[in-house]
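Residue numbers start from 1 in every chain, and the chains themselves are labelled A, B, ... in the order their sequence lines are given, proteins ahead of strands.
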There are 2 protein chains.
Amino acid sequence: MKKITIGEAARRSGVKVPTVRYYESIGLLPAPSRSEGNQRAFEPADISRLAFIRHARELGFEIEAIRTLLTLQDDPHQPCASADAIAKARLVEVEQRIRSLMALKAELETMVEGCGHGRVGQCRVIEVLADHGQCTHSHH
Amino acid sequence: MKKITIGEAARRSGVKVPTVRYYESIGLLPAPSRSEGNQRAFEPADISRLAFIRHARELGFEIEAIRTLLTLQDDPHQPCASADAIAKARLVEVEQRIRSLMALKAELETMVEGCGHGRVGQCRVIEVLADHGQCTHSHH
DNA sequence: TCTTGTACCTCGAGTCGCTAGAGGATGTAG
DNA sequence: CTACATCCTCTAGCGACTCGAGGTACAAGA
Ligand SMILES: [Zn+2]
Ligand SMILES: [Zn+2]
Ligand SMILES: [Zn+2]
Ligand SMILES: [Zn+2]
């Protein structure tokens, strides 16, 4: 079996080189063996783990959640309730965030569309920012 | 004219006390005069400025964007094109973020719904996280 | 074999927008 | 006068990286 350098691990997993080292430093990725010259030598399992982490990060899971998910993955006999709970919590988060962003979008549209592109003194953008009472939604 | 303490400024503007000091420290809020005992004494204009900052933050504008917006606000004779550009850029950002979160939501729903709540070995959540190829959207 | 160039190493600091805590001074009400 | 809330400065910490300095290792070409 040939050794996988950090650069190749990065290329294969889509995680950047410094980030790979960072994940190792926080214990998310086990410290790999080293070459004679002290360079990291990864194995295929590490690449899978990195890809898992990257995918979970892309889906917005926090590092601590990923740590839990990885621990679960390491022991396939456990019930998956905690994994499902983490995913469900993330889903709720995402739904809330979408709702909040939709409200924001509406306010921003009003601001942008309402402006006649004249002087700052009459700018609707500045005006609305200065006075939340002009917003259609009271909570952002 | 009575002096406004930092606590009252915080209460009136909705910005927390340490955050008010932080805004002063980064030059977003002018340093107010001080009492004999070295305590900050704000004026009504500072409260408006704080409220403006808070509102802009709630709408997701970055500090540097707010700095620009405040500079514009300070001189009402300038054309408002830059203010509008900032708001429009923020709108585009928000729209992109919403689209991205909608895709995420779909993936998370598939994961959560597909799981039979058995063992980790068969958990759909873990399975999808380990293999992005199982996602319906190729880009997150 | 030597040289060149790329990739690797560690360590510390910086990013953003706050937030928390230590340790002390000031202001106000009873 | 004594509590007690509020204020002050300063430093450090959060999450999740990202960057730079200063140095080492390794593979390919002359
Ligand atoms: Zn305008
Ligand atoms: Zn508003
Ligand atoms: Zn499951
Ligand atoms: Zn995916």
Ring pair (Phe, Tyr, Trp, His ring centres under 6.0 Å) partners of residues 29-63 of chain A, not counting sequence neighbours, each pair once
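Ring pair (Phe, Tyr, Trp, His ring centres under 6.0 Å) check on residues 29-63 of chain A returns A:H55-B:H132, A:H55-B:H140.
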Residues in side chain to side chain contact (heavy atoms under 4.5 Å, CB included) contact with B:K105, at least two apart in sequence or another chain:
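Listed in chain order: A:L91, A:V94, A:E95, A:I98, B:E109.
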Please state how far atom NZ in B:K16 lies from atom P in D:dC7, giving the value in whole angstrom units.
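In whole Å, D:dC7 P and B:K16 NZ are 15 Å from each other.
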Would you mind reading off the distance between A:L28 atom CG and D:dA16 atom P, rounded to a whole angstrom?
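A:L28 atom CG is separated from D:dA16 atom P by 10 Å.
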Kindly write out the residues that satisfy side-chain hydrogen bond (donor to acceptor under 3.5 Å, both in side chains) with [X], not counting sequence neighbours, or none if the list is empty.
X	result
B:R57	none
A:E8	A:R12
A:E93	A:R90
A:Q73	none

Among pairs that include at least one residue of residues 68-84 of chain B, which meet salt bridge (Lys or Arg N to Asp or Glu O under 4.0 Å), considering only residues two or more places apart or in two chains?
B:R49-B:D74
Would you say D:dA25 has OP1 or OP2 under 4.0 Å from some side-chain N or O of A:S35?
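For A:S35, the contact criterion (side-chain N or O under 4.0 Å from OP1 or OP2 of D:dA25) is not met.
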Distance-only check: which donor-acceptor pairs under 3.5 Å involve side-chain atoms of residues 15-25 of chain B, not counting sequence neighbours?
| from | atom 1 | to | atom 2 | distance (Å) |
| --- | --- | --- | --- | --- |
| B:E24 | OE1 | B:R40 | NE | 2.6 |
| B:S25 | OG | B:Y22 | O | 2.7 |

Which nucleotide span of DNA chain C, 5' end to 3' end, has atoms closer than 4.0 Å to non-hydrogen atoms of chain B?
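Contact boundaries, 5' end first: C:dG17 to C:dG27.
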Which residues within residues 57-68 of chain A lie with some heavy atom under 4.0 Å of an atom in DNA chain D?
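The answer is A:R57, A:E62, A:I63.
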Per-pair distances, 0.1 Å, donor-acceptor, side chain in residues 62-70 of chain B, under 3.5 Å, sequence neighbours excluded:
| from | atom 1 | to | atom 2 | distance (Å) |
| --- | --- | --- | --- | --- |
| B:E64 | OE1 | B:R67 | NE | 3.1 |
| B:E64 | OE2 | B:R67 | NE | 3.3 |
| B:E64 | OE2 | B:R67 | NH2 | 3.3 |
| B:R67 | NH1 | B:I26 | O | 3.0 |
| B:R67 | NH2 | B:I26 | O | 3.1 |
| B:T68 | OG1 | B:E64 | O | 3.1 |

Heavy-atom nearest nucleotide on DNA chain C for B:E36 versus A:E8: which residue maps closer to 5'?
A:E8
Would you confirm whether A:S100, through its side chain, and A:Q96, through its main-chain N or O, come within 3.5 Å as a donor-acceptor pair?
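Between the backbone of A:Q96 and the side chain of A:S100 there is no qualifying donor-acceptor contact (under 3.5 Å).
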Can you give me the N/O atom pairs linking the protein to nucleotides 8-14 of chain D at distances under 3.5 Å, or say none if there are none?
| from | atom 1 | to | atom 2 | distance (Å) |
| --- | --- | --- | --- | --- |
| D:dC8 | OP1 | B:R40 | N | 2.8 |
| D:dC8 | OP1 | B:R40 | NH1 | 2.9 |
| D:dC8 | OP2 | B:R21 | NH1 | 2.4 |
| D:dC8 | OP2 | B:R40 | NH1 | 3.3 |
| D:dC8 | O5' | B:R40 | NH1 | 3.4 |
| D:dC8 | O3' | B:R34 | NH1 | 3.4 |
| D:dT9 | OP1 | B:R34 | NH1 | 3.3 |
| D:dT9 | OP1 | B:R34 | NH2 | 3.1 |
| D:dT9 | OP2 | B:R40 | NH1 | 3.1 |
| D:dT9 | OP2 | B:R40 | NH2 | 2.9 |

